[in-house]
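I have placed the structure first, in the form of C-alpha cells, so that the comments after it can refer back to it.
Sequence lines set the chain letters: A, B, ... in the order given, protein chains first and strands last, and positions in each chain run from 1.
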Amino acid sequence: MKDYLQTQLRAVLDTVDDVPDDFEAALEAPAREEHGDLATNTALRLGSVLDDDPRAIAETIAERLRERVDPSRIRSVEVAGPGFINFRFAQDYLFEGLADLLSAGDAFGRSDAGEGERAIVEYVSANPTGPLTVGHGRNAVLGDTIATLLDWTGHEVTREYYYNDAGRQMRVLAQSVRARYEALAAEDVPTKTLTLDDDTTVEVPEHFPEDGYLGAYIVEIAEQVYEDNGSSLLTTESLAPFQAAAEEAIFADIEATLARLNIEMDGYANEQDLHDDGRVEAVLDGLEAAGLTYEEDGALWLETTAFGKEKDTVLVKQSGEPTYRTPDIAYHTTKFERGFDRIVDVFGADHHAAYPDVLNALDALGYDTDRVEVVLYQFVTLVRGDEPVKMSTRRANYVTLDDLIDEVGADVTRFFFLMRSPDTHLNFDLELAQEASDKNPVFYLQYAHARICSIIDKAEEVGFTYDDEADLSLLTHEDEIALIKELLRFPRALQDAAEARAPHFVPPYLRDVATAFSQFYDHCRIIGEEDALATARMHLALAAKTVLQNGLTVLGISAPRSM
RNA sequence: GCGCUCGUAGCUCAGUCGGACAGAGCAUCGGUUUCCGGUACCGAAGGCCGGGGGUUCGAAUCCUCCCGAGCGCACCA
C-alpha cells in the first residue's frame with residue numbers, strides 16, 4: 001500500500017509545476033489514529049521549495065490524488081493541520097491484504113526490494129584465542145540479524161567470519177599451549193610466578209609466555225596434544241602443531257556456541273591466506289604506487305595525515321610483520337573482487353579509530369568505498385540488579401557467551417542484544433533477563449504466539465472445524481481492523497529495518513502486533529461465535545500467528561507452541 | 001588534548017532524509033474475568049528531550065559553544 005501510494009503521489013507531483021524531479025515524496029504512519037493510516041508531509045516540504053503556502057499546495061495535490069487513486073484501496077485523502085495529507089485505507093483492501101498474508105504463510109514479509117544485490121556481512125570475526133565473550137555475542141547476533149533482514153528483503157547474502165591467524169596473538173596462544181604441553185610431556189618442568197593486573201599471582205611452566213593465555217581450556221588443548229602425540233613434539237622447534245591444535249579446538253567451541261544462538265556462517269576467511277596468495281603484498285605495492293607510504297625507523301608507514309588524521313599509521317612493523325590493518329585492507333579488496341554490491345562490517349566501538357584507515361586505503365586503491373558500511377556497536381555491561389558483573393579479570397576468569405546463554409537462554413540473549421540501538425551502551429540485566437514476566441518483552445511476544453496455538457488446539461478439542469475459505473469481510477470490529485492493519489505493516493517494517501541496518505526496529509513492531517492481537521482476543525470471542533464469524537476470526541488469529549512466527553524467525557528467536 | 005558514540009518520564013530505552021499535542025515497557029496508583037492461556041486487557045499519574053546560542057514556517061532531530069558518561073588515540077588485535 002505504501003509503495004502504491006508513493007507511486008501515485010509521485011505521478012501527481014509530476015503534474016505540479018516546478019517540483020524537482022528528484023524530490024522524494026515520503027509517506028509514514030502518523031503518530032495518531034485520527035490522522036489516518038498513512039500521511040505525507042510532502043506539501044510542507046514543498047512549501048519552502050516552491051515558496052508557496054503549504055496548505056494550498058496540499059489542497060492541489062490532494063485534489064489530483066482523489067481523482068487518481070483507486071477507491072477500492074484508498075477510502076479518503078484529506079488535508080490536515082499545517083499541510084499534511086492523510087490517507088485512509090478502504091476496508092476491502094485490508095481484507096485482500098489479509099487473504100494474501102494467509103496464502104503467503106511463512107514467506108509473508110519477504111520482499112524483493114534488494115533483488116539483484118549481492119551482500120556480504122562480516123561479523124563475529126573473533127580471533128580463535130578463547131571462548132566467545134559477551135561482547136562477541138552482541139556482534140554475532142547483530143550481524144546475523146542484519147544478514148537475515150537483507151535476505152528477507154531479497155538480497156543474496158553471504159555471512160563471513162574473518163580471523164587473524166598469522167600474527168602475534170596466535171603465536172602467543174601456541175606458546176601457551178606448548179608450555180602447558182611441556183609440563184605434561186616432560187619430567188620435572190620448573191615453574192615460575194606471574195603477577196596479574198590485580199596483583200594476584202599464578203604459577204605457570206617456565207616457558208609460559210609473559211602475556212600468555214591462562215584459561216583452563218589451554219590446559220585441555222595441551223592434554224589433547226599430549227594424548228595424540230605423546231612426548232614426540234618436545235624436540236620440534238615449530239609452534240605449528242600447537243597452533244593448529246588450538247585453532248581447531250577453539251573453533252569447534254566457537255561454532256558450537258554460535259549454533260546455540262542459531263548462527264551459522266557461510267564461510268571463513270583468514271589472514272594467512274592473504275599472505276600466501278600475495279594480496280597483502282599487492283596492497284602494499286598499490287599504496288606505494290599511490291604515493292601514500294614511506295619508510296621510517298625501519299617501519300613502513302601509511303600517510304593517514306593525508307586523510308585528515310593527526311598521525312600517520314604503521315603498516316609494517318620494524319620486525320617485518322604487518323600490523324593488523326594491512327591484511328584487513330587486503331581482506332576487503334577480496335570482497336570487492338568477489339563482486340559484492342553491499343559490504344557490511346559489524347565492529348565493536350573499539351574499532352572506530354581503525355576502520356577509517358581501511359576505507360581510506362581502499363579508496364586510494366581505487367575501490368568504491370560507498371559500498372562499504374560499518375555498523376558500530378557500543379559495549380555491553382552485565383549487571384545483576386544493581387550490581388555490575390565482572391566480565392574480564394585478566395585473561396582467565398570471565399563470563400563467557402556460553403555462560404550467559406546457560407543462564408538466560410538463547411532466545412533472551414538474542415532479544416536483549418537486538419532490542420537496543422547498536423549506538424547505545426547496553427546494560428544487560430541478568431536478573432531481569434531471567435524473569436519470565438512483564439519485565440521481559442521477549443516472553444510477551446512468545447506468549448501471544450503460544451496463546452494462538454492454544455486456541456487452535458482448543459478448536460480441535462471442541463470439534464470446531466474451519467474451512468480454508470473464510471468471509472473475511474465479517475471482520476469489522478475495531479480491534480479486528482486494527483489488528484489487520486498492524487499485520488499488513490510487517491513487510492514494510494522489515495524493509496525499513498533492513499535499509500537502516502537496524503534490527504532494533506523489529507521488536508517494537510512485534511510488540512505492537514502482540515498487543516493488537518491481545519486486544520482483539522480480549523474483546524472478540526472466536527470459538528463459540530456462529531460459524532462464519534468464528535471462521536473469519538480463526539483466520540485472523542492464524543494471520544497473527546504467522547506474523548509473530550515470521551518476525552521471531554527473523555530475529556532468530558523461537559516461537560513456542562506453549563510456555 | 002584530539003576523535004567516535006551517547007545524554008529523552010523514578011528506571012531501561014524508542015523516536016527510521018526536521019513535521020501535527022514528545023512515545024513505549026517496567027515501577028507506582030486505580031479498574032476489568034460465568035466463557036478460547038490474567039505471563040492478559042483498560043485507565044491515571046509522571047517530561048524546560050543535559051545547558052546556552054543559532055538556522056528554519058516548524059528542532060529531541062541540523063549547526064555552534066559549554067557540561068557529563070563510555071570507547072579509542074600502540075611498531076596489541
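To the nearest 0.5 Å, atoms OH (Tyr521(A)) and CG (Leu540(A)) are separated by 14.0 Å. Distance check: Arg561(A) CZ to Cys453(A) SG gives 4.5 Å after rounding to the nearest 0.5 Å. Rounding to the nearest 0.5 Å places CZ of Phe379(A) at 10.5 Å from CZ of Arg138(A).
The pairing partner recorded for G58(B) is none, the criterion being a Watson-Crick or G-U wobble arrangement whose two distances lie under 3.5 angstrom. Under the Watson-Crick or G-U wobble criterion, with both distances below 3.5 Å, G30(B) is paired with C42(B). Under the Watson-Crick or G-U wobble criterion, with both distances below 3.5 Å, A24(B) is paired with U12(B). A 3.5 Å limit on both hydrogen-bonding distances identifies no Watson-Crick or G-U partner for C49(B). C36(B) is unpaired under the Watson-Crick or G-U wobble criterion, no partner having all donor-acceptor distances under 3.5 Å. C73(B): Watson-Crick or G-U partner is G1(B), with both key distances under 3.5 Å.
Side-chain nitrogen and oxygen atoms of Lys309(A) include none within less than 4.0 Å of the OP1 or OP2 phosphate oxygen of C2(B). Distances shorter than 4.0 Å separate none of the side-chain N or O atoms of Ser518(A) from OP1 or OP2 on A40(B). In this model, the phosphate group of C41(B) is approached by a side-chain N or O of Tyr444(A) to a distance below 4.0 Å at OP1 or OP2.
Here the closest non-hydrogen pair linking His449(A) and Ala559(A) is CE1-O, 3.2 Å.
Other residues, nucleotides and ligands place more than 12 heavy atoms under 6.0 Å from the CD atom of Glu296(A). Atom CD of Gln272(A) sits in a crowded spot, with more than 12 heavy atoms from other residues, nucleotides or ligands closer than 6.0 Å.
A donor atom on one side chain and an acceptor atom on the other are found under 3.5 Å apart for His332(A) and Asp345(A). Residues Asp273(A) and Asn270(A) have side chains that bring a donor and an acceptor to within less than 3.5 angstrom of each other. A donor-acceptor pair shorter than 3.5 Å cannot be found between the side chains of Asp297(A) and Gln318(A).
Taking the six-membered ring where the residue is Trp, Tyr331(A) and Tyr162(A) present parallel rings, their angle staying beneath 30° rather than reaching 60°.
Rounded to an integer number of Å, the gap from Phe520(A) CZ to A40(B) C1' is 14 Å. To the nearest angstrom, P of G25(B) lies 18 Å from NE2 of His504(A). C41(B) atom P lies 12 Å from atom CG of Asp512(A), rounded to whole Å. Note: CG (Leu302(A)) to P (C75(B)) measures 13 Å, nearest angstrom. One can place CZ of Arg138(A) at 17 Å from P of G70(B), the figure rounded to the nearest angstrom.
The residues Glu303(A) and Lys311(A) are annotated as not salt-bridged, no charged nitrogen and carboxylate oxygen being separated by less than 4.0 angstrom. The pair Arg168(A)-Asp211(A) meets the salt-bridge criterion, since a charged nitrogen lies less than 4.0 angstrom from a carboxylate oxygen. Residues Arg342(A) and Glu373(A) are paired through a salt bridge, judged by an N-O separation under 4.0 Å between the basic side chain and the carboxylate.
Classification of C17(B) as syn follows from a glycosidic angle within 90° of 0.
Among the atoms of the strands shown, base atoms are found under 4.0 Å from some heavy atom of Tyr521(A). The residue Thr129(A) sits apart from the nucleic acid: no heavy atom pair falls under 4.0 Å. Nucleic acid contact for Arg55(A): none, since no nucleic acid atom lies under 4.0 Å from a heavy atom of the residue. Using a 4.0 Å heavy-atom criterion, one finds that Arg525(A) contacts the bases of the nucleic acid, with or without backbone contacts as well. Here Asn41(A) lies in heavy-atom contact (under 4.0 Å) with a base. Contacts of Met563(A) with the nucleic acid, taken as non-hydrogen atoms under 4.0 Å apart, include base atoms. Backbone-only engagement by His425(A) is indicated by non-hydrogen atom pairs under 4.0 Å involving sugar-phosphate atoms exclusively. At a threshold of 4.0 angstrom between heavy atoms, the contacts of Gln318(A) include nucleobase atoms, whether or not backbone atoms are also involved. Among the atoms of the strands shown, base atoms are found under 4.0 Å from some heavy atom of Asn86(A). When heavy atoms are screened at a 4.0 angstrom cut-off, Asp496(A) is found touching base atoms of the nucleic acid.
Judged purely by atom type and a 3.5 angstrom limit, Arg88(A) has no side-chain atom pairing as donor or acceptor with the backbone of Val77(A).
Side-chain contact between Phe84(A) and Leu44(A): present, with at least one pair of heavy atoms (C-beta onward) separated by less than 4.5 Å.
With sequence neighbours excluded, the residues forming a side chain to side chain contact (heavy atoms under 4.5 Å, CB included) with Tyr447(A) are Arg451(A), Met563(A), listed by chain and number. When the side chain to side chain donor-acceptor pair (under 3.5 Å) test is applied to Gln495(A), the partners found at least two apart in sequence or on another chain are Ser111(A), Arg492(A).
For the pair Ile456(A) and Arg168(A), nearest-nucleotide mapping onto RNA chain B gives the more 5' position to Ile456(A). Take the nearest nucleotide of RNA chain B for Arg420(A) and for Phe505(A): the residue whose nucleotide is more 5' is Arg420(A).
Residues from residues 447-455 of chain A with heavy atoms under 4.0 angstrom of RNA chain B, sorted by number: Tyr447(A), Ala450(A), Arg451(A), Ser454(A), Ile455(A). Residues of residues 526-533 of chain A having a heavy atom closer than 4.0 Å to RNA chain B, listed by number: Ile526(A), Ile527(A).
The same atom, C1', is picked in C49(B) and in G30(B); the two are 29 Å apart, to the nearest Å. Comparing G46(B) with G10(B), their C1' atoms are spaced 9 Å from each other, to the whole Å. Nucleotides A60(B) and G15(B) place their C1' atoms 8 Å apart, quoted to the nearest Å. Using C1' as the reference atom, C71(B) and A9(B) are 28 Å apart when rounded to the nearest Å. Rounded to the nearest Å, the gap between the P atom of C63(B) and that of C17(B) is 15 Å. Using atom C1' as the reference point in both C41(B) and C62(B), the two lie 42 Å apart (nearest Å). Taking atom P on both C26(B) and U64(B), the two are 39 Å apart, rounded to the nearest angstrom. For the C1' atoms, the distance linking G51(B) with U8(B) amounts to 14 Å, nearest Å.
Arg511(A) forms a cation-pi arrangement with Tyr444(A), by the criterion of a distance under 6.0 Å to the ring centre and an angle within 45° of the ring axis.
Listed candidates were C75(B), C13(B), G19(B). Nearest to the side chain of Lys317(A) is C75(B). Closest contact between the side chain of Asn127(A) and the listed nucleotides C17(B), A77(B), A20(B) involves A77(B).
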Kindly give the atom pairs (protein nitrogen or oxygen, nucleotide nitrogen or oxygen) under 3.5 Å for nucleotides 5-11 of chain B.
unit_1, atom_1, unit_2, atom_2, d
U5(B), O2', Gln378(A), NE2, 3.4
U5(B), O2', Asp423(A), O, 2.8
C6(B), OP1, Asp423(A), OD2, 3.0

Below 3.5 Å is the cut-off: list the nitrogen or oxygen pairs between protein and nucleotides 72-74 of chain B, distance only.
unit_1, atom_1, unit_2, atom_2, d
A74(B), OP2, Lys311(A), NZ, 3.0

